[in-house]
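Quick caveat: nothing in here was measured; it's all calculated off a predicted structure. Every chain is numbered from 1, with letters handed out A, B, ... down the list of sequences.
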Amino acid sequence: MPRLAYSFPEEVLEHVFSFIECDKDRGSISLVCKSWYEIEAWCRRRVFVGNCYAVSPATVVKRFPKVRSVAIKGKPHFADFNLVPEGWGAYVFPWIKAMAAAYPWLQEIRLKRMVITDECLELIAKSFKNFSVLVLTSCEGFTTDGLAAITANCRNLRELELRESEVEDICGHWLSHFPDSYTSLVSLNISCLGNEVNLSALERLVSRCTNLQTLRLNRAVPLEKLANLLRGAPQLVELGTGTYSTEMRPEVFANLAEAFSGCKQLKSLSGFWDVLPSYLPALYPVCSSLTSLNLSYATIQSSDLIKLVSQCESLQRLWVLDYIEDAGLEVIAASCKDLRELRVFPSDPFGLEPNVALTEQGLVSVSEGCTKLQSVLYFCRQMSNAALDTIARNRPNMTRFRLCIIEPRAPDYLTREPLDAGFGAIVEHCKDLRRLSLSGLLSDRVFEYIGTYGKKLEMLSVAFAGDTDLGLHHVLSGCDNLRKLEIRDCPFGDKALLANAAKLETMRSLWMSSCLVSYGACKLLGLKLPRLNVEVIDERGPPDSRPDSSPVEKLYIYRTVSGPRLDMPGYVWRMEDDSALRVS
Amino acid sequence: EEDTSYSHKEKHFFTHKPNMATILGKESGLNLKETELCLGLPGGGGVGGGGGGGGGGGSSEVETPRATGKRGFSETVDLKLNLQSKEDLNENLKNVSKEKTLLKDPAKPPAKEILEIEGDLEKYFRAQVVGWPPVRSYRKNMMAQKVSTEDVAEKTTSSTASGAFVKVSMDGAPYLRKVDLTMYKSYKDLSDALAKMFSSFTMGNYGAQGMIDFMNESKLMDLLNSSEYVPTYEDKDGDWMLVGDVPWEMFVESCKRLRIMKGSEAIGLAPRAMEKCKSRS
């Protein structure tokens, strides 16, 4: 029987596969048989690289020759909190270089926590004729000159987003390099830029780009200019204001209010640096249709926040400072019935005494009133097992729960006990929990709960917790879906790590800093698990100069198919595997 | 395990060894007791739970003296502090005593970490744990920039986030200190903090707003002829100026380091300071 009669033509398979977008499913497809592997590879248009060192650019480019969109992540998450020293890596240049040669039709590049230079930006501008989307989140290494290369050359640019990136702001004229004929901008986010951009160029750009949906301004854009910009883009869906404060002048206010009421599609607001509360009522016309509100830089009092937020009945996402206080969160619980995500940031993270009346009660209120709440990031100064238990029972649909009690090792403030039971309740009741960050006083017990119940847990962040290796062992042996584990300042040592070494190959990465993992154990892991890069980060000098039993400062272990990386700085040592010792 | 006993009576977490401190104190004529590492309980100001934090060089370690009589700076201890109440304090002291201590050579000069502590010790501890609380540098920079909204061109570097740390030296004192000027709102606040650090020093002659009355030359001359200490600072231009001649915010902006010197020594600065003052107004 000829096999050919039973197989679809390639084109048909390609067409079928084009409906499958999820990477995981694409991966499954490619495992069916050789021809499906090849066809799938040929028609894969999007690639997501969760760890830029897990695979080399050459490998990606070879397997997927027709990619149009690339997303790459670099540094470990704890780099956000200054735990990763300068010069660690995550350089995107090798990727750009490889793609410039292989993907002339590349359209989209999205990077997170990577180092991108002006040279890279110039290469992008030069190499990809159809380039349309550049999103740089928490990136660094470039200047406004690099941006000028993009704006001057990318005729089809649709999205340019600089999210919380470190940009050396040399000159605001990069924006003016968009030619007058250029009208395709859909999304512009310059919120992290320090200096002024050429405002008249911005105004002209905004008014001629009729498809503009997202405009996130930087702090340097004065409030007086906002109304004009809004008038130029009444179709805006997402707006980030500049400074939201100026001398109170009735005509400025009236102008602003009128401009806002002209924006009938506005769904998302952010910015709000330096808020003068008397200008907030200008927003009232748009409040009821807002689904996303980021007030996390607005240092305004609870009463002003409440007046605003109580009108946002369609709110799904709210980011706010702890100035909202328990009272404000109670109002939110009553008014924002569609709330899915809440983030409460600390206004005074380094102060000892609480400066606001925000406690665990605020979170409890929201968990009661907002039935769709599934994602929480909450900074506070006190917590109790009882509150956590209530929250867990109220919201079994929680998928992301990150609690930061500001004082390390703070116990249940009512009982003085560890918060094991409280977090235990969270993992037990929230069966779909994918992400969890712990804080407060925690013993090995909490990890037992996590290992037992956290079956869907993908990312766990731990700090100042646990008593013995047993804690780590519970997590590594129990959490079946764990992908990312990051630990700092915990008394976890060699035993759990070595006993669960194989687990590490099923995860994207493990970060441990200021723990008790010895150099000897790192060497052993590196030796026995060649498909991992076991990287010791130690700024005290070569680990060889200390005894094997001495704990390493920091440890970053990740799986890779591409062997050792070639760009490690002087304070990073990779533990060699057997293959390096074999004579080739 | 070392038995580090602490004088709970004084509600101090740990203190220097009396010997060295008093010896040095006697030598320089200063009462150095006030400059001892003393961490009070919350209320007067508690201690931040900052110890044991991860950092570039490992945990942020602070040295603690032994009870035996060896020099106080000979040990380092991993602090795990969580002081909400006195009971906690005792509990934590028990924990701390279990920590491994590294013995350093007593003859070596004290570690820099101990000395570069700003007046408000509690805040120092909280701020010194690298990356805790987990607030992103971007956010910290943004919040810090609220101090001067006019200065929008300011680069968002981590130095903004960590405040304006300047070294403080006092003539005759054996060690330098460090203060974060952004922690204070006025000359009076700074003066109080410096007074705590260097107890024989006050800025009492500075009038209500803490600014020098340059117009009253005789008053100025009195001050400078006394054996009182006056605070001086090095500004951005590298000039040494008398503290108090410009508005507070301008001072914070331009001050690079502080030096507390005897009035009689500061006398050479006065004319220069007055000149600069005149050229500004």
Does [Y] offer a backbone N or O that forms a donor-acceptor pair with the side chain of [X] under 3.5 Å?
X        : Y        : result
B/Arg136 : A/Ser138 : no
A/Arg488 : B/Gly131 : yes
B/Trp132 : A/Phe81  : no

Verify side chain to side chain contact (heavy atoms under 4.5 Å, CB included) between B/Met142 and A/Cys192, making sure each step is shown before the conclusion.
CA-CA 9 Å; B/Met142 281 296 144; A/Cys192 60; 5.7 Å; no

Residue [X] versus chain B: region with a heavy atom under 4.5 Å:
X        : result
A/Pro346 : side chain
A/Leu193 : neither
A/Tyr571 : neither
A/Ser296 : both

Rounded to the nearest 0.5 Å, what separation is found between the [atom1] atom of [X] and the [atom2] atom of [Y]?
X        : Y        : atom1 : atom2 : answer
A/Leu321 : B/Met143 : CG    : CE    : 4.5 Å
B/Ser137 : A/Asp80  : OG    : CG    : 7.0 Å
B/Asn141 : A/Glu164 : CG    : CD    : 10.5 Å

Where B/Pro134 and A/Phe379 come nearest, the two heavy atoms and their spacing:
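So the two residues come closest at O-CZ, 3.4 Å.
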
Check A/Cys404 against B/Pro133 and note the closest heavy-atom contact, atom names and distance.
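The pair with the smallest heavy-atom distance is SG-CB, 4.1 Å.
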
B/Lys140 vs A/Asn82, side chain to side chain contact (heavy atoms under 4.5 Å, CB included): CA-CA, chis, key distance, verdict:
CA-CA 12 Å; B/Lys140 276 195 281 196; A/Asn82 295 341; 4.1 Å; yes

Going by the rule side chain to side chain donor-acceptor pair (under 3.5 Å), which residues pair with A/Ser439 if we only count those two or more places apart in sequence or in a different chain?
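Side chain to side chain donor-acceptor pair (under 3.5 Å) list for A/Ser439, sorted by chain: empty.
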
Side chain to side chain donor-acceptor pair (under 3.5 Å) partners for A/Arg435, two or more places apart:
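With sequence neighbours excluded, A/Arg435 shows a side chain to side chain donor-acceptor pair (under 3.5 Å) to no residue whatsoever.
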
How about NZ on A/Lys112, more than 12 heavy atoms from neighbouring residues, nucleotides or ligands closer than 6.0 Å, or not?
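No, not enclosed.
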
